[in-house]
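Notes follow once the structure below has been shown.
Note that the structure is predicted; figures quoted are calculated from it, not measured. Per chain, numbering begins at 1; letters A, B, ... match sequence-line order.
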Amino acid sequence: MAVTLLIPSALRSFTDRQATVRVEANTVGEALAALTDSYPDIRRHLYDDDNALRPFVNLYLGETNIKTTGGTATPLKDGDEVTLVPSIAGGRRMRGFALDACRPASAPSVAGGTGGRP
Amino acid sequence: MIRIPRQLRGDICAEGEAAYPDECCGIMLGTVDAEGSRSVTELQPMRNARESGERYHRFRIEADDILRAERSAAGNGLEIVGFYHSHPDNPAAPSDYDREHALPWYAYVIVEVTQSRARRIRCWQLAGDRSRFLRERMHTLERE
């Protein structure tokens with residue numbers, strides 16, 4: 001099946017700045033394998049060291065996020081479009097937390113300071 | 001390098017202060033020139049999708065929201081050039097948690113908010129080998 005992968009802007013530097021990549025695949029997993037075969041440097045950003053898809057990588061078949069349904073086993077048909085979409089997460093360091101506390105006992109001191117709006 | 005109008009830079013700081021002691025988060029939309037430099041032209045504040053008891057040190061922007069923002073931006077000739085969030089009572093430097101959930105190329109702007117007041121704002125980019133964040137210069141534009 002000829003299918004199209006839509007690449008997020010962050011990963012286009014690994015696909016020669018192409019926003020779409022056409023591959024032959026019968027499943028979403030095969031489509032991703034074809035993508036990483038063609039552009040090996042993209043792999044470390046999609047998969048972790050255990051070859052599992054990174055938690056923040058979401059896959060949309062059309063309008064449906066298939067990550068928690070069929071996932072990479074989802075079958076594809078000719079002309080399908082699979083969109084790679086990151087979910088973005090983050091947060092501060094855990095320094096300054098007591099081991100048994102959910103909240104810091106006191107705010108960590110901050111060296112320096114501009115005293116004005118950054 | 002990333003270019004950002006002073007007004008938008010101030011908006012990120014104000015958002016961090018308003019969200020304190022929780023973390024704020026949002027999407028930076030903009031353009032990319034032929035040399036690869038990114039310019040922020042618009043901010044889209046996002047709902048912090050983490051549970052209310054976790055928002056003081058974590059944030060998450062759902063994939064559905066990012067997909068919607070990306071499609072909307074593309075219709076206006078823009079793209080997602082990065083994300084911003086705040087670190088309440090912590091430095092404007094990425095944590096390991098930030099690194100584990102990041103992608104290269106995007107600009108990650110972090111504002112340090114100490115005792116309700118924005119103190120520092122810094123921009124970072126994930127190294128290609130995912131080993132660390134690299135500081136990225138923010139060029140503040142006086143006018144949009």
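Side-chain atoms of A:His45 do not come within 3.5 Å of backbone N or O of B:Ala102 as any donor-acceptor pair. A distance-only check finds no donor-acceptor pair linking the side chain of B:Arg58 to the backbone of A:Ala89 [under 3.5 Å].
Of the listed residues (B:Ile80, B:Ile12, B:Val32, B:Asp64), the one with the most heavy-atom contacts under 4.5 Å to chain A is B:Asp64. The candidate with the highest count of non-hydrogen atom pairs below 4.5 Å against chain A, out of B:Ile27, B:Ile61, B:Thr140, B:Leu126, is B:Ile61. Among the candidates B:Arg55, B:His85, B:Glu23, B:Arg50, the residue making the largest number of heavy-atom pairs closer than 4.5 Å to chain A is B:Glu23. By number of non-hydrogen pairs under 4.5 angstrom with chain A, the leading residue of B:Cys25, B:Gly128, B:Ser86 is B:Gly128. The candidate from A:Ser13, A:Ala10, A:Pro8 with the greatest count of non-hydrogen atom pairs under 4.5 Å with chain B is A:Ala10.
Note that the CD atom of A:Glu63 and the CG atom of B:Leu67 stand 7.0 Å from one another [nearest 0.5 Å]. For the atom pair CZ (A:Arg54) and CZ (B:Arg130), the distance works out to 4.0 Å, reported to the nearest 0.5 Å. Of the inter-residue distances, the one linking B:Arg71 atom CZ with A:Thr83 atom OG1 reads 5.5 Å to the nearest 0.5 angstrom. To the nearest 0.5 Å, the span separating CD1 on A:Ile88 from CE on B:Met46 amounts to 11.5 Å.
Nearest approach of A:Phe56 to B:Glu100, heavy atoms of both residues: CE2-O, 3.3 Å. Looking at every heavy atom in both residues, B:Leu103 comes nearest to A:Pro86 through CD1-CB, 3.6 Å. Contact record, B:Ala63 with A:Val85: O-CG1, 3.5 Å, taken as the closest heavy-atom pair. Taking all atoms of both residues into account, the shortest heavy-atom contact from B:Pro104 to A:Phe14 is CG-CE1, 3.6 Å. Closest approach of A:Ser87 to B:Glu62, counting heavy atoms only: CB-C, 4.3 Å. Here the closest non-hydrogen pair linking B:Glu79 and A:Ser9 is OE1-CB, 3.0 Å.
With a 4.5 angstrom heavy-atom cutoff, B:Pro94 touches chain A only via backbone atoms. Contacts between B:Glu54 and chain A at a heavy-atom distance below 4.5 Å are absent for every atom of the residue. The contact between A:Arg44 and chain B is made by backbone and side chain atoms together, counting heavy-atom distances below 4.5 Å. Both the backbone and the side chain of B:Phe59 come within contact range of chain A, each with at least one heavy atom under 4.5 Å from a heavy atom of that chain. Looking at B:Arg38, neither its backbone nor its side chain comes within 4.5 Å of chain A, counting heavy atoms on both sides.
Put simply, A:Val21 and A:Leu6 are part of two different groups of oily side chains (I, L, V, M, F, W, Y) that touch within less than 4.5 Å, one to the next. In the hydrophobic clustering of this structure, B:Tyr97 does not group with A:Val57; members are Ile, Leu, Val, Met, Phe, Trp, Tyr whose side-chain heavy atoms approach within less than 4.5 Å, directly or through other members.
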